[in-house]
Asker: 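For reference, the structure I am asking about is given below.
All heavy atoms count here, side chains included; hydrogens, waters and symmetry mates do not.
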Amino acid sequence: MFTLNIRGRLVTFDRPAVMGILNVTPDSFFSGSRAMSAYDIERRVETMLTQGVDIIDIGACSTRPGADPVSDDEETTRLSRGMEIVRRLAPDIPVSVDTFRASVARRAVTTMGCDIVNDISGGTLDDNMVATVADLHCPYILMHMRGTPATMQTLTEYGDDVTATVISELQRQVRCFEQAGVADIIIDPGFGFAKTVDQNYAVMAGLRRFAIFGRPVLVGISRKSMITKALSIRADEALEATTALNAYALDRGADILRVHDVAAARQAVDIHVRIASASSDR
């Protein structure tokens, strides 16, 4: 169980949350998550709501490996168009904005109705992000990454214990946000970012170690290359393996699953909760 302060309202999540991905960009790595037209955005949001989504994560600038970022203005325009539809269809669902730019985060929260800032860089790509999030008084998802989306896969030297190094680098960023007064911080180990396939699995195997933060842990592995490369399959063939890995993550303490496929993740959470309840009754 964890709580988040959403615009002054304490929201309690009494079970792991499912965060559904809404990409209002034409170049995200999985085509099934892209929704550019009003019709496609409406259809995707309605589907996620029907399937039991807890949080919607909207992104307008692809951060796949090697991606080139769009301009601030283009990212903001895409977000504004998408958020207008999201808020009309889902006025009460918490929404996170997937951006590493402080200026975009500010506009998304203050004028578009976003509730949470989801930053792949953990504040390392924009020097203004720490102060901005502190000023917004909103929850912040702090992800581990090195470099930029264009360079991160060249920065994969971690020594003998990749998980320990990732935790150490996250701790440094957490301290920056805590010292600025940011209260609600969610930890994301950054699967697929500045990590080899084997390193991603090492971090997953050590997921329980992230409990040291005493904060919610988000796992985002949906259809990523750590699955497709390991199994020699395409992203559109990776639902079953994604669900298996999400179930593993839940068993090791994941509090939020960030996914393309809400229904499958919701089922994984439901089974996990049932097993946990049966164990506590023994």
Asker: For residues Leu4 and Pro94, determine if any side-chain heavy atom of one lies less than 4.5 Å from a side-chain heavy atom of the other.
Answerer: no
Asker: Walk me through it: do Met226 and Leu245 pass the test side-chain contact (heavy atoms from CB on, under 4.5 Å)?
Answerer: CA-CA 10 Å; Met226 66 180 288; Leu245 201 53; 3.7 Å; yes
Asker: Is the shortest side-chain N to carboxylate O distance from Asp98 to Arg258 below 4.0 Å?
Answerer: yes
Asker: Evaluate the criterion side-chain contact (heavy atoms from CB on, under 4.5 Å) for residue pair Lys195 and Val166; output intermediate values, then yes/no.
Answerer: CA-CA 10 Å; Lys195 299 169 188 69; Val166 168; 3.9 Å; yes
Asker: Is it the case that Arg252 places NZ or CZ above or below the six-membered ring of Tyr248, under 6.0 angstrom from the centre and within 45 degrees of the axis?
Answerer: yes
Asker: By salt bridge (charged side-chain N to carboxylate O under 4.0 Å, His left out), which residues pair with Arg88, not counting sequence neighbours?
Answerer: Glu42
Asker: If the condition is side-chain contact (heavy atoms from CB on, under 4.5 Å), which residues does Arg15 pass it with, not counting sequence neighbours?
Answerer: Arg266, Val269, Asp270, Val273
Asker: Is the shortest side-chain N to carboxylate O distance from Asp261 to Arg223 below 4.0 Å?
Answerer: yes
Asker: Could you verify whether a donor N or O on one side chain and an acceptor N or O on the other, from Thr50 and Thr47, lie under 3.5 Å apart?
Answerer: no
Asker: Please determine whether a side-chain nitrogen of the Lys or Arg among Glu157 and Arg146 lies less than 4.0 Å from a carboxylate oxygen of the Asp or Glu.
Answerer: no
Asker: Under the side-chain contact (heavy atoms from CB on, under 4.5 Å) criterion, do Ile116 and Ile141 qualify, and how do the steps go?
Answerer: CA-CA 8 Å; Ile116 302 165; Ile141 300 170; 4.0 Å; yes
Asker: Answer yes when Asp126 and Arg101 have at least one side-chain N-carboxylate O distance shorter than 4.0 Å, and no when they do not.
Answerer: no
Asker: Is any side-chain N of the basic residue among Glu237 and Arg234 closer than 4.0 Å to the acidic one's carboxylate O?
Answerer: yes
Asker: Do Asp57 and Arg44 sit within salt-bridge range, that is, some charged N less than 4.0 Å from a carboxylate O?
Answerer: no
Asker: Under the rule for ring pair (Phe, Tyr, Trp, His ring centres under 6.0 Å), what residues qualify as partners of Tyr140, not counting sequence neighbours?
Answerer: Phe177
